[in-house]
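Below is one structure, written out as structure tokens, with a few remarks after it.
A, B, ... follow the sequence lines: proteins, then strands. Residue 1 opens every chain. Owing to the predicted nature of the structure, the values given are computational and were not obtained by experimental measurement.
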Amino acid sequence: MFYKDYIRVLNINLSTGRIRVDKRKDLRAYLGGVGVASKLLQENMNPDLPPLHEDQPIIFAIGAASSVFPVITKTVAMFVSPLTGELGESYAGGRLAFTMLHAGYDAIVITGKSQKPCYVTVTQTGVEIKDARAFWGMDSDKVGSYIRNREHGSGKRSIIRIGPAGENLCSYASVCVDTYRHFGRLGLGAVFGSKLMKAMQVTGDLPMPIPNFKDYFKTYSKLYKQVTETEVMAKYHDAGTPINVEPLSAMGGLPTRNLTSGTFEHAENISGEAFAKNNLIRKMACTGCPVGCIHIGQFRREFDHGYEYEAISVGYDYELIYALGSFLGVDNTDGVLYVIDAVERNGLDAMSCGVVLGWACEALERGIITEEQTILPLKMGDYVNLAKAVDYIAQGVNQLYTDMGKGVKHVAKKYGGYDFGMQIAGNEMPGYHTGYGSLVGALVGARHSHLCNAGYSYDQSNRDKELDKEKLVDYLISEEIERCLLNSLIICLFARKVYSRENIRMVLKCVGLDYTDETLTDIAKRILRTKLEIKKSLGFAIQDVKLPKRFFETPTTTGKLDQYMANEIAEEYARRCEEILAEEDESIKEFV
Amino acid sequence: MVITVELFHTLKKYNKERFKDDENSFELSIDGRDEILLDELVSLLNIPDEEVGFATINSVKHNWNDPIKDGDRIKIFPVIIAG
Amino acid sequence: MARALRTDGMRKCIGCFSCMTVCAAVNKHNFSISKSAIKIKTNGGLKHGFYATVCHACKDDRACLEACPTGALVERKGGGVLLNKDMCTGCKKCVDACIVGAVFFDEEENLPIICKHCGSCTRFCPHQCLTMEEVDDVL
């Protein structure tokens, strides 16, 4: 809590219905956000049980400066991932951080399993576990409207929920946050489903006096000005991240048709400009963000003969266009939105889903699987059938689709085609095939995301230079550490350039935390250490990861990659991790 | 020689006066030359090096010292960002 | 010349809530947007766009002022009213009287939340949805 020396944790046990609130002074050593959530995950998880066992927890945490400064908008969710079997960590914007803050909780820990489908309401005056039996089976949009109508709190609430994929325990099911944002990656939706928890509404408007108004407002105004006047932020607002589609394709870094190529000949047709021209109808923001990067696109679908049309609007951004566009050979904006809509309704992670479908198209073409199994003549570019296949995955209509719902690593191991099932340590690849930075970065990153360390960025700025292994490892590890800090406040990574160390210290000071740079670095390292410990306890070792061969066959932006070189870089990184794990944490004493 | 130049996003501001309303590209005539290097073009357009990601000539990626010829269409992209 | 808050640009609203955060901070020194004199709401879920509820700066007849039994609300130059806290009994008659629903109530302070048309929100509106307009100085 702001101006307090503790972290306020709400514990909800779905098995017993017990609710408990802890004030944890010791957690201040982890600042907030990902730090606090990592520690709480470590305390509450059981490494010997499977990820979807009822004794595994779900942790939500907001950051040390959430919601009251521009672009500090995110909530972190941590869990044991049913997709990778190891560290589950995912971020979402929307209104969740804002409402948790105003309901008076820094973190929420959910354990146990409900006896029947339930949803949870969290307010500043109480927590309830309610009947959701009639909601079971609904898509996430529908259950959102029902809860909106049934519960109070208009304008100051956040509703997070799962769709059919989460209920059916698909390993990469997502949790939808306030219609347009998601805890997308690594399968939080399945963990919800395993607890028979359909949704959670958080409402809050606790009065929170600002004791140092002058300092606060000066800092707020300064940051607001920086954010709204920075060009990068304008870029996120105008056409948004889809602006990357065309340049990445031209550079040869846009994963296309199951990564058989890094260039998509129709990139121009699914570029940011094309979406803006054909489909863009609105832009929106997370609470507390003046940028507004959420792009909503609309398309028209004929649902019956006699000119019966419906207008469907869905959010889009670069990652979705890559995974459900170029990666599946879909060459028009309406088609991409058509598949996004299916992914959205079912509540799946778009990236994982696209990569799994990419494998399926190729596996069918090669005769590894049959059309009897796929039910549909699945092929690249056929977005109508691809969207149907998304429904089949979420519903697990037969053995093949159930296996596809367990991730591309699982399905490719079982049926064949491991070398073209594009995953990294069990997580489906992100939308950058730019070089050693992107590939090894995702391999060694704690949650195997492009956002762990932004390896693609290294590839880009070192494109014309000789590979320097040491330099790359230095970059990856220092970026991962710095991001532990950003994610403990939790600043949207779009604004990472605005939130320099100086600005971070200023912001923390305003909410009563006066730390030196050294202390902040110590905290960031402590957070990474905790995450590495969790990974280790779950049996993860960098050396065990076997990358699909195609990563080394299809040239990247920086040329073809060499498998041995990639392994060497990863091993060097692993060695550095061991060093971090072995370091004595002296400064934690300051917090006890 | 006359070439068509398309600038993306944040790079546009360095050549505001060259764009007509609602157009994303402009024609550029360079007198007395029949080829110019990409590098030269970038400085000619007053775009700072650190803001340039890369460029294509007729939709194919090119190096900075590749030549541009009459009638070519050049796209210049800013560095890629993601989040 | 007096100024009044206008919400004509709300079609451009992205729902960032900066206006509410700033209003509550500047006028009430509080982080809670329930203290804000302007409220941004949706028409039933995020799929339907945003609208702003805030004092319209009525000029000739001010329903809230007419309803006030103690005289705590007085006419503001350029439209709307000003609140004299010491005279307010917290009866909420002004809240009911405002047919656009722009008088909110602060239960903690037992006082209505009255927009002063100070313009702070407009300075932190990233897309100029909210603006200040110069209006006649008449009472």
- prompt: Is it the backbone or the side chain of A/Ser145 that comes under 4.5 Å from a heavy atom of chain C, or both, or neither?
  reply: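 Neither the backbone nor the side chain of A/Ser145 comes within 4.5 Å of chain C.
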
- prompt: Given that the side chain runs from C-beta out, which part of A/Val227 has a heavy atom under 4.5 Å from chain C: side chain, backbone, both or neither?
  reply: neither

Exercise answer: donor-acceptor pairs, residues 103-117 of chain C side-chain atoms, under 3.5 Å, sequence neighbours excluded:
residue, atom, partner, partner atom, Å
C/Asp106, OD1, C/Lys35, NZ, 3.2
C/Asp106, OD1, C/Glu108, N, 3.0
C/Asp106, OD1, C/Glu109, N, 3.1
C/Asp106, OD2, C/Lys35, NZ, 3.0
C/Glu107, OE2, C/Lys92, NZ, 2.9
C/Glu108, OE1, C/Lys35, NZ, 2.3
C/Glu109, OE1, C/Lys28, NZ, 3.1
C/Lys116, NZ, C/Asn27, OD1, 3.3
C/His117, ND1, C/Leu5, N, 2.9

query: Around atom CD1 of A/Ile281, are there more than 12 heavy atoms of other residues, nucleotides or ligands at under 6.0 Å?
result: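 Yes, CD1 of A/Ile281 has more than 12 neighbouring heavy atoms, counting only those of other groups under 6.0 Å.
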
task: Tell me, yes or no, whether the heavy-atom count around A/Lys509 atom NZ, taken from other residues, nucleotides or ligands under 6.0 Å, exceeds 12.
output: no

Closest non-hydrogen atom pair, [X] against [Y]:
X        : Y        : result
A/Tyr224 : C/Pro126 : OH-N, 3.1 Å
C/Ile14  : A/Lys283 : CG2-O, 3.4 Å
C/Ser32  : A/Pro207 : CB-CA, 3.9 Å
A/Pro290 : C/Ser18  : CB-OG, 4.2 Å

field: Contacting moiety of C/Arg123, where chain A heavy atoms sit under 4.5 Å
entry: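 The backbone, not the side chain.
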
message: With a strict 4.5 Å heavy-atom criterion, list every residue of residues 212-220 of chain A that contacts chain C, or say none.
response: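 Within residues 212-220 of chain A, the residues under 4.5 Å from chain C are A/Phe213, A/Tyr216, A/Phe217, A/Tyr220.
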
field: Option in A/Cys286, A/Ser67, A/Gly292, A/Gly204 with maximal non-hydrogen atom pairs under 4.5 Å from chain C
entry: A/Cys286

- prompt: Given the options C/Thr21, C/Asn30, C/Ile33, which has more heavy-atom pairs under 4.5 Å with chain A than any of the others?
  reply: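 That would be C/Asn30.
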
- line: Checked C/Arg11, C/Lys41, C/His29 vs chain A; the most non-hydrogen pairs under 4.5 Å come from C/His29

State the [atom1]-[atom2] distance between [X] and [Y], to the nearest 0.5 angstrom.
X        : Y        : atom1 : atom2 : result
A/Arg282 : C/Phe50  : CZ    : CZ    : 5.5 Å
C/His127 : A/His237 : NE2   : NE2   : 3.5 Å
A/Met284 : C/Cys13  : CE    : SG    : 9.0 Å

field: Ring geometry between C/Phe31 and A/Tyr3 (parallel below 30°, tilted from 30 to 60°, perpendicular above 60°)
entry: parallel

